Amino acid sequence: MSIGLKSIGSYIPAASIDNIKQANKFGETEEFIKSKIGAVTLARKDDREETSDLAVKAIKALDEENEAFSLLAIEALVVVTQNPDGSGLPHTSAIVQNKLGLPTNIAAFDVSLGCSGYVYGLYILKGFMEASGLKNGLLVTVDPYSKIVDPDDRVTALLFGDAATASWLGEDSELNIKTVKYGTDGSGAEHLTSFNGRLHMNGRQVFNFAALRVPPQIKSVLSNSNLELSDIDLFCIHQGSNAIVDAISRRFGDSADKFLKDIEHTGNTISSSIPLLLKDQVHDNKVQNILISGFGVGLSWASALLSRSL
Amino acid sequence: MFDVEFVVDIINKSGSSVEVKLDDQAKKFSQIGLDSLDMFNVFIELQDATGKEFSDDIVENLVSISTIVEFLNS
């Protein structure tokens, strides 16, 4: 039995912040926002919406878009978040189980990871399902940074948006989950952290980390897969900002234009940015090999190969 | 010894949004049109090319091509 990726649903709140107006407040130009940040608007959840509510909406979207999907068949639910409901006790996945009326014989747990969380989550859930003999699992990403971003902090206020995604994992998948590489360097933890309920980021240090650590890891995934750059159809890497995607893609020569960029109306949605990019690619048979890479809080990074099931 | 031409070359290879010229050496980067994210890339390329560490404290004072040349030769 091999578990792979079958489909992805998503929820992006309709409300948003005008990032051009924010730029003016901080003395930045419209050009800077459009070319370097990439997000003209930042998606924002309603204050009354909890993290679990966003998760529920993403799962419902997945349900509506997939006839073969059944909520009652779900046997495992993993929620990747570092901004859970309340103070994190109980785990948000248990709250989601109850809100959706999922079966009570379900396995449900949270995973505490940031922007690398989707890549880790795919392997956590795949391994858990294969070891337990489960056939239907859900990997949810939902990390609403609006809970911790200080609107007066220029470094973070222009970047982050709220969103949630739900990935359906099971047999007879569209994409196989293949080679993976992980990385962790806690010595850089202070560069992206939360204390007293507020997010703090050293932008240059996080940028350096991503620009220097991610390209060699991606190349390592390729060499371990016996693939060349030309074999990869798309690179769906974490959308930290346009600038960081550009800084990483520049290191891949002619393949740079295969790196997707799409945060114009969302912002950096943490662990949701990769599945938001992947959503439209999962069912596109023209796309054979996709390289995914997530990087951020920890500092933590992970890169993997997804290949079309034959 | 590192010179102005070396630094200008690095900046122009770093993917910055404007092309820098030799006679920009005394101007502040903000005057030339290089923003904070351009400079992130510049310091990564300089570190790669020279092996020098650019700590946050040092970067704070590197506001022009001339100050970078001075730091590299210090």
Side-chain angles (χ1 to χ4, degrees), chain A residues 19 23-24 26-39 153-159 187-188 190-192 200-216 239-257 259 261 263 268 295, chain B residues 2 4-21 24-74:
Chain A
N19 221 16
N24 293 335
F26 292 118
E28 294 289 359
T29 64
E30 182 173 339
E31 172 59 21
F32 176 78
I33 293 297
K34 287 182 172 173
S35 66
K36 300 297 172 56
I37 302 294
D153 177 13
R154 180 193 162 283
V155 178
T156 57
L158 296 170
L159 280 177
S187 71
E190 64 185 287
H191 300 318
L192 187 49
H200 296 267
M201 183 172 83
N202 181 326
R204 193 175 79 88
Q205 293 294 348
V206 174
F207 192 94
N208 281 0
F209 144 70
L212 296 174
R213 296 279 202 174
V214 172
Q239 305 285 292
S241 65
N242 270 4
I244 191 58
V245 176
D246 287 341
I248 291 169
S249 64
R250 274 198 306 114
R251 288 161 168 78
F252 290 88
D254 292 343
S255 292
D257 59 359
F259 281 69
K261 282 194 288 186
I263 60 168
N268 173 345
F295 43 85
Chain B
F2 298 99
V4 171
E5 198 173 344
F6 171 80
V7 175
V8 166
D9 191 44
I10 292 280
I11 294 173
N12 287 334
K13 284 179 180 167
S14 70
S16 64
S17 45
V18 292
E19 188 175 342
V20 176
K21 300 182 183 69
D24 290 326
Q25 61 177 294
K27 293 177 189 166
K28 287 192 171 180
F29 290 122
S30 55
Q31 290 176 294
I32 304 171
L34 293 171
D35 59 45
S36 55
L37 287 168
D38 286 327
M39 295 313 298
F40 288 178
N41 279 311
V42 169
F43 290 121
I44 288 172
E45 296 296 332
L46 282 167
Q47 193 168 317
D48 265 357
T50 66
K52 288 239 183 192
E53 289 279 334
F54 290 81
S55 69
D56 291 338
D57 290 344
I58 288 168
V59 163
E60 208 169 291
N61 297 311
L62 301 181
V63 295
S64 65
I65 294 167
S66 300
T67 55
I68 289 179
V69 172
E70 197 178 320
F71 167 71
L72 290 175
N73 292 319
S74 64

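Since we're looking at a predicted model, the values are computed, not measured.
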Query raised in the report: In terms of ring plane angle, is the pair F295(A) and F209(A) parallel, tilted or perpendicular, where the classes change at 30° and 60°?
Result: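 Plane angle over 60°, so perpendicular.
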**Report entry** Check ion pair D246(A)-K36(A) (N to O, under 4.0 angstrom)
**Finding:**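 A salt bridge is absent here (no side-chain N lies under 4.0 Å from a carboxylate O).
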**Report entry** Atom CD of Q31(B): over 12 foreign heavy atoms under 6.0 Å
**Finding:**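 For Q31(B), atom CD is crowded (more than 12 foreign heavy atoms under 6.0 Å).
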Report task. Taking atom CG of D254(A) as the centre, report whether more than 12 heavy atoms of other residues, nucleotides or ligands fall under 6.0 Å from it. Result ->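 No - once you tally the heavy atoms of other residues, nucleotides and ligands closer than 6.0 Å, there are 12 at most.
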Per-residue contact mode, [X] against chain A (heavy atom under 4.5 angstrom):
X      : value
N41(B) : both
S30(B) : neither
F54(B) : both
D48(B) : side chain

Query raised in the report: So which of A211(A), S241(A), G203(A), S35(A) has the biggest tally of heavy-atom pairs under 4.5 Å with chain B?
Result: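 Going by pairs under 4.5 Å, I would pick G203(A).
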With a 4.5 angstrom heavy-atom cut-off, could you sort out which part of [X] is near chain B: side chain, backbone, both or neither?
X       : result
Q205(A) : side chain
N202(A) : side chain
R250(A) : side chain
I244(A) : neither

Query - Side chain D24(B), main chain K21(B), donor-acceptor under 3.5 Å - result: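 Looks like yes, one N/O pair under 3.5 Å.
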Requested in this report: Output yes when a side-chain donor or acceptor of S64(B) lies under 3.5 Å from a complementary backbone atom of A26(B), and no otherwise.
Outcome: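 No, the answer is negative, given that no donor and acceptor are paired below the 3.5 Å cut-off.
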Requested in this report: To the nearest 0.5 angstrom, please state how far the CZ atom of F2(B) sits from the CD1 atom of I10(B).
Outcome: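 Reported value, rounded in 0.5 Å steps: 9.0 Å.
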